[in-house]
Colleague: 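My structure is below; once you've seen it, I'll send some questions.
Quick note on labels: first sequence line is chain A, next is B, and so on, each numbered from 1.
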Amino acid sequence: MSKIRVRFPPSPTGNLHVGNARTALFNYLFCKHNEGTFVFRIEDTDRERSRDEYIQNEIDAMKWMGIQWDEGIEIGGQHGPYKQSERMSLYQEHIQRLLDTQHAYVCFCSAEQVEMDREEARTNSLPPRYSGRCRNLPQSEVKTRIANGEPYVIRFKLPDQNDVQVTDLIRGTKFFPVSSLDDFIIVRTDGMPTYNLAVTVDDALMEITHIIRGEDHFFGNTPRQVLLYEALGYPVPIFAHMPMILGDDKTKLSKRHGAFAITEYGNMGFLPEAFVNYMAFLGWSPKTEEEFFTLDELIQRFEVTNVNTSPAIFDYEKLKWYNAHYLRQKSCEDLFKIAQEDLIAKGFLTNEKDKTFYLQALAHMKDYIVLTTDIVNYIESIDAYNGIQPDRIPEIQTPEMIELLPALIRHFSVDEKWSPDFVLNAIRNAGKESKVKGKHLWMPLRLIMTNEDQGPEIYLVIYLMGKEKVLDILKALLSKI
RNA sequence: GGCGCCAUAGAACAACGGUUAGUUCGGGGGGCUCUCAAUCCCCAGAUAGGAGUUCAACUCUCCUUGGCGCUACCA
């Protein structure tokens with residue numbers, strides 16, 4: 001079997017989103033599992049909507065996920081250029097070939113006229129297809145009309161055959177009736193090739209052997225492209241159409257589902273390994289009960305034939321669960337590195353001594369972290385804390401507290417080594433003395449020390465704050481109640 | 001409207017045509033002498049409906065229903 005070549009061709013009309021990312025991932029897994037070549041190409045024939053910043057975003061997202069390409073944008077390769085806008089002469093050549101071999105023809109029908117035809121067909125419950133009006137125009141007429149400056153498009157002439165065969169690794173071999181298609185446009189009035197023509201030429205020239213993409217291409221585009229391959233005399237690749245990813249309302253994922261750019265997931269606190277692991281399970285499973293896989297492990301285990309046919313819903317909660325799992329696997333040193341930039345940005349982390357302190361804090365908080373952004377938040381809650389907010393003071397203004405506060409101060413002040421155990425015992429003893437325990441002891445204490453109702457073990461927080469700061473806070477409070 | 005794809009708990013995935021339909025997330029409850037998280041234990045929850053093939057159907061076939069998708073001079 002010849003070497004496998006796959007491609008990922010996003011159009012730069014928006015940031016790379018979840019659906020794209022999964023397509024890229026599955027292509028990559030399939031490709032590397034079979035030691036193939038991964039081509040990353042940009043489909044920017046839609047001049048109106050394509051923007052360079054989106055290309056950059058797509059590149060960044062791929063890098064974030066850890067998907068490396070062997071040929072393509074940024075790095076070049078044997079089959080370049082890798083931007084469709086730079087491949088016009090190639091398309092021109094193929095269009096001419098199609099024209100010369102009678103596989104395509106010039107059509108002068110206006111968009112409005114065609115639309116009217118379609119409407120009429122629809123009202124008569126017929127498939128809305130192009131009438132074929134310009135199919136057999138004499139060459140001489142075509143020439144003069146073009147010479148007269150009449151606008152035209154170029155259409156592909158459907159061959160005289162019953163059906164198109166599509167080999168799909170996920171859905172099996174399918175036959176599409178040619179009658180369900182019409183003479184589709186391959187060159188627009190402005191002279192730009194359409195998607196179907198451009199992808200086909202690119203895939204053929206780049207010697208792509210397997211096309212893995214979303215199911216939304218299955219019905220409309222695939223048979224057209226196969227026909228184009230055949231007309232051009234190129235070998236037809238093997239397809240694999242993956243199920244769609246849906247939002248929680250079961251419709252195609254879009255912005256309104258919070259379908260952020262992939263690069264945003266990093267900013268929101270997700271680890272690429274968690275994201276990739278979760279994505280892989282959207283439509284694929286190893287057929288076992290294992291659930292944690294690194295990218296390399298996924299490559300080893302991935303089989304396209306194990307990809308499901310039913311659509312999957314993107315579950316943000318499960319993504320978070322994966323994220324927390326991977327975060328817990330990290331060393332404190334790694335967690336620190338992840339948070340470092342944000343810590344500096346927020347004005348923490350001013351000298352070496354701080355780092356030791358943060359590493360210590362991280363060790364105690366590891367289990368409480370779900371998103372990487374939690375790290376900074378937790379540290380902030382310890383480091384920048386200045387005492388309970390005045391509006392919450394009434395909540396702790398109880399007779400017990402008036403007794404407890406001095407007891408706490410006394411026990412914390414004892415001249416012993418400040419350690420987690422020491423703090424824990426001090427709190428217990430103070431509680432015993434003032435006859436408060438359980439919720440009535442811990443919850444007000446938590447409120448006093450963090451101004452929050454929940455968080456990590458409060459004695460650890462107190463320990464991490466340090467003796468001096470804790471006493472300051474308690475004493476300040478004592479004077480207020 | 002036409003055509004296509006899909007159908008196991010709220011979600012993601014399992015189950016050679018063969019006991020009691022399994023796992024994870026989420027939900028509920030409990031333990032861990034404060035909360036949340038982690039961890040441990042427990043609970044609820046599914047084969048869309050109907051025919052057929054078969055000794056036997058989640059699994060195969062057909063129909064119905066439902067969901068989604070495609071039906072562009074967007075990709």
Side-chain angles (χ1 to χ4, degrees), chain A residues 9-14 43-46 48-50 84 107 109-111 114-115 118 121-129 151-155 170-171 174 176-177 179-182 184-196 198-199 213-222 241 243-244 246 248-252 278 281-292 306 308-322 324-325 328 365-370 374 427-428 431 437-447 450 452-459:
Chain A
S11 65
T13 53
E43 309 218 320
D44 57 349
T45 48
D46 184 350
E48 301 278 302
R49 299 191 297 154
S50 296
Q84 286 187 330
C107 169
C109 298
S110 70
V114 172
E115 192 43 49
R118 257 198 275 268
R122 250 188 280 257
T123 36
N124 296 329
S125 318
L126 292 167
R129 302 192 291 139
Y152 64 93
V153 297
I154 298 176
R155 288 182 183 273
I170 297 171
R171 287 155 207 280
K174 296 277 176 203
F176 291 90
S179 61
S180 69
L181 271 22
D182 68 354
F184 56 93
I185 293 174
I186 54 176
V187 178
R188 299 194 275 254
T189 317
D190 64 2
M192 290 292 282
T194 59
Y195 163 74
N196 277 310
V199 240
R213 57 177 20 166
E215 189 207 327
D216 43 345
H217 287 277
F218 192 45
F219 180 67
N221 295 196
T222 307
H241 287 94
M244 309 279 285
L246 275 25
D248 50 16
D249 61 352
K250 295 184 195 282
T251 62
K252 205 173 169 179
Y278 174 66
F281 275 77
L282 242 30
W284 173 84
S285 98
K287 302 285 174 196
T288 65
E289 279 168 12
E290 298 157 277
E291 46 197 350
F292 297 113
N306 281 357
N308 288 102
T309 46
S310 56
I313 293 171
F314 188 84
D315 184 353
Y316 191 73
E317 289 304 316
K318 193 145 190 179
L319 208 211
K320 284 208 307 209
W321 175 75
Y322 269 110
H325 169 83
R328 254 175 273 127
M365 321 213 122
K366 225 168 151 180
D367 286 349
Y368 299 87
I369 300 168
V370 175
D374 292 339
I427 296 170
R428 281 179 176 158
K437 56 179 181 180
K439 274 190 177 50
H440 305 290
L441 167 62
W442 297 94
M443 286 309 282
L445 185 59
R446 171 178 297 285
L447 196 54
T450 65
E452 300 285 344
D453 301 314
Q454 49 171 277
E457 303 260 18
I458 193 63
Y459 76 93

Colleague: Do the side chain of E215(A) and the base of rC70(B) come within less than 3.5 angstrom through a donor-acceptor pair of N or O atoms?
Modeller: no

Colleague: Round to the nearest Å and state the distance from K252(A) atom NZ to rG4(B) atom C1'.
Modeller: 14 Å

Colleague: With a 4.0 Å cut-off on heavy atoms, is I185(A) in touch with a base, just the backbone sugar-phosphate, or nothing at all?
Modeller: base

Colleague: Could you tell me whether L282(A) contacts a base, only the sugar-phosphate backbone, or nothing, with contacts defined as non-hydrogen atoms closer than 4.0 Å?
Modeller: sugar-phosphate

Colleague: Just by distance, no angles: are the side chains of R213(A) and T222(A) close enough, under 3.5 Å, to form a donor-acceptor pair?
Modeller: yes

Colleague: Could you check whether the rings of Y322(A) and F281(A) sit parallel, tilted or perpendicular, using 30° and 60° as the cut-offs?
Modeller: tilted

Colleague: Has the side chain of N196(A) got a donor or acceptor that lies under 3.5 Å from a partner of the other kind on the base of rA75(B)?
Modeller: no

Colleague: Have a look at K320(A) and say if it touches a base, only the backbone sugar-phosphate, or nothing, with a 4.0 Å heavy-atom cut-off.
Modeller: nothing

Colleague: Report which part of the nucleic acid E457(A) touches: base, sugar-phosphate, or nothing (heavy-atom distance under 4.0 Å, all strands).
Modeller: base

Colleague: Just to be sure I understand the rule, does A111(A) reach a base, reach only the sugar-phosphate, or reach nothing, if contact means heavy atoms closer than 4.0 Å?
Modeller: base

Colleague: Any base atoms under 4.0 Å from C109(A), or only sugar-phosphate, or nothing? Heavy atoms, all strands.
Modeller: base

Colleague: Distance alone, cut at 3.5 Å: any donor-acceptor contact between the side chains of T251(A) and D249(A)?
Modeller: yes

Colleague: Report yes or no: is the ring centroid of F219(A) under 5.5 Å from the six-membered base ring centroid of rG4(B), with the two planes under 30 degrees?
Modeller: no

Colleague: So what does R213(A) hit on the nucleic acid, given a heavy-atom distance under 4.0 Å: a base, only sugar-phosphate, or nothing?
Modeller: nothing

Colleague: Looking for any heavy atom pair under 4.0 Å, which part of the strands does Y368(A) touch: base, sugar-phosphate only, or nothing?
Modeller: base

Colleague: Check whether the aromatic ring of H217(A) stacks on the base of rA75(B), taking stacking as ring centres less than 5.5 Å apart and planes within 30° of each other.
Modeller: yes

Colleague: Runs of at least three consecutive Watson-Crick or G-U pairs, both distances under 3.5 Å, are what I'm after; which ones involve RNA chain B?
Modeller: B:1-7 with B:65-71, B:10-13 with B:22-25, B:27-31 with B:39-43, B:48-52 with B:60-64

Colleague: Take the angle between the ring planes of F218(A) and F176(A) and call it parallel below 30°, perpendicular above 60°, tilted in between.
Modeller: perpendicular

Colleague: Can you name the one residue among T194(A), I185(A), V187(A) that meets side-chain contact (heavy atoms from CB on, under 4.5 Å) with I154(A)?
Modeller: V187(A)

Colleague: Mind checking N308(A) for me? I need base, sugar-phosphate or nothing, with any heavy atom below 4.0 Å counting as a touch.
Modeller: sugar-phosphate

Colleague: For R49(A), answer base if it contacts any base atom (sugar-phosphate contacts may also be present), sugar-phosphate if it contacts only those atoms, and nothing otherwise; contact means non-hydrogen atoms under 4.0 Å.
Modeller: base

Colleague: With P as the reference atom in both, quote the distance from rC58(B) to rA51(B) in angstrom, rounded to an integer.
Modeller: 14 Å

Colleague: Checking only heavy atoms, does the side chain of T189(A) share a donor-acceptor pair with the base of rC73(B) at less than 3.5 Å?
Modeller: yes

Colleague: Should the ring pair H325(A) and F292(A) be called parallel, tilted or perpendicular, given that the plane angle runs from 0 to 90° and is split at 30 and 60?
Modeller: parallel

